[in-house]
Protein chains: 2
Amino acid sequence: MLRLSKLTDYAVVVLVRLSGMDGVQTSPGIAAATGIPEPTVAKVLKTLAAGELVSSQRGAKGGYRLNRELSAIPIADVIAAVDGPIALTACVEGSPSGCESQGLCPMRGRWDPVNDAIHKALTDITLADMQKGLLPAFRAAPAFQSAAE
Amino acid sequence: MLRLSKLTDYAVVVLVRLSGMDGVQTSPGIAAATGIPEPTVAKVLKTLAAGELVSSQRGAKGGYRLNRELSAIPIADVIAAVDGPIALTACVEGSPSGCESQGLCPMRGRWDPVNDAIHKALTDITLADMQKGLLPAFRAAPAFQSAAE
DNA sequence: TCAATCAGGACTGATGCAGTCCGGATAATC
DNA sequence: GATTATCCGGACTGCATCAGTCCTGATTGA
């Protein structure tokens, strides 16, 4: 199914939410604004901080802040930060010399062009592109206030 | 990790093996030639037959045959046949109106351009492209004869 | 000193995949 | 007609990965 993890989906939502806000934002705040459960938001933000997409400030009045503008964040970076490096098959991934069946695997390196094509496609699309189509209602207002309470 | 299943990898190997051979080939034969376990090859071939990438002939002297040339099979078709439709997120997938949090999910449809880009990239690459780089040793000779026996 | 916040990791349940196997149907051959 | 080789369709089990939660500690402002 070629699917990426839900965390990546959340990450995009969180990053878009972080943009357009001045100063830092706390994970509880983002959780309330997006409707994503608090622990999950915290997890996503920690991952994004590790990937250097956001910076964190600890302590009281702490929170998170975007490192770059949305237009400077290709979706590939988000996927790489959350899901790890983009690699379609195990062959391309970590193993240095080859798959388990070393000399046998006939597709050795064969997926590389496919990988490159996908990587390029994901690099050409930035978060700003994904934000463009966002419902204005969401960008302005916090969600979940009527449904949750 | 954006990974596709191993079955898809096997499918490519099997399809490449099917090409360049006249007449039908049996799954035990392909298994021996590729080094992929027999039951797995059978599973892959059944899936590919369901996806109309290969035709099957039952009974003695039966086997499988390619429906189109490798150059007419985009890798997207193989992925779709084995892994199901290409959809990055659950949003795009099956659910008709939206995710579990209907009115909330702010990314509704937002992944569509990403999906399209990936789909296009995968449609532009055919199995013939992937075959080009194959090691000549593999294309000519059956593998696994010295290791297995 | 206290409270708010992030950091880092452990943990559990659920989900999907990999791989195998079995009984049945079909068709060529003896 | 019997036999054999092959595909068909599905069920099944173990394994890996992911989703989501929680806990303890470190940091920082009030």
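Each chain gets a letter, A, B and so on, in the order the sequences are listed, and its residues count up from 1. Worth knowing before you read on, the calculation uses all heavy atoms, side chains too, and leaves out hydrogens, waters and symmetry mates.
- Regarding contacts with the backbone of dT17(D), every side-chain N or O of S5(A) stays at 4.0 angstrom or more from both OP1 and OP2.
- Between L4(B) atom CG and dG16(C) atom P the separation is 17 Å, expressed in whole Å.
- Partner I36(A) forms a side chain to side chain contact (heavy atoms under 4.5 Å, CB included) with one of V44(A), D9(A), V13(A) and no other, that one being V13(A).
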Query raised in the report: Which letters describe nucleotides 23-30 of chain C, given B = protein heavy atom under 4.0 Å from base, S = only from sugar-phosphate, - = neither?
Result: -BBBBS--
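- Sorted by first and then second residue, the salt bridge (Lys or Arg N to Asp or Glu O under 4.0 Å) pairs with a member in residues 38-51 of chain B form an empty list; sequence neighbours excluded.
- Residues satisfying the side chain to side chain donor-acceptor pair (under 3.5 Å) criterion with T123(B), sequence neighbours excluded, are H119(B).
- Partners of S27(A) under the side chain to side chain donor-acceptor pair (under 3.5 Å) rule, at least two apart in sequence or in another chain, do not exist in this structure.
- For T126(B), the side-chain contact (heavy atoms from CB on, under 4.5 Å) test picks out A128(B), D129(B), with sequence neighbours left out.
- We find that CG of D9(B) is positioned 13 Å from C1' of dA18(C), with the value rounded to whole Å.
- Distances were taken from every side-chain heavy atom of Y10(A) (C-beta onward) to each of dC8(D), dA19(D), dG20(D); the shortest belongs to dG20(D).
- Contact between I125(B) and P113(A) at its shortest, heavy atoms only, is CD1-O, 3.8 Å.
- For dC7(D), the OP1/OP2 oxygens have a side-chain nitrogen or oxygen of S27(B) closer than 4.0 Å.
- Taking atom CG of L7(B) as the reference point, atom P of dC15(D) lies 18 Å away to the nearest angstrom.
- Residues satisfying the side chain to side chain donor-acceptor pair (under 3.5 Å) criterion with T26(B), sequence neighbours excluded, are absent altogether.
- Straight-line distance from the CG atom of D83(A) to the P atom of dT17(D): 13 Å, rounded to whole Å.
- The nearest whole Å value for the distance from the CD1 atom in I36(A) to the C1' atom in dA19(D) is 13 Å.
- Residues that satisfy the side chain to side chain donor-acceptor pair (under 3.5 Å) test with D116(B), not counting sequence neighbours, are absent from this structure.
- When rounded to the nearest whole Å, the span between NZ of K6(B) and P of dC17(C) equals 14 Å.
- Using a 4.0 Å cut-off on heavy atoms, the residues of residues 42-54 of chain B that approach DNA chain C are K43(B), listed by number.
- Across dT5(C), dT20(C), dA19(D), the shortest atom-to-atom separation from the side chain of T26(A) is found for dT5(C).
- Applying the salt bridge (Lys or Arg N to Asp or Glu O under 4.0 Å) test to pairs two or more places apart or on separate chains, those with a residue in residues 49-70 of chain A are R68(A)-D77(A).
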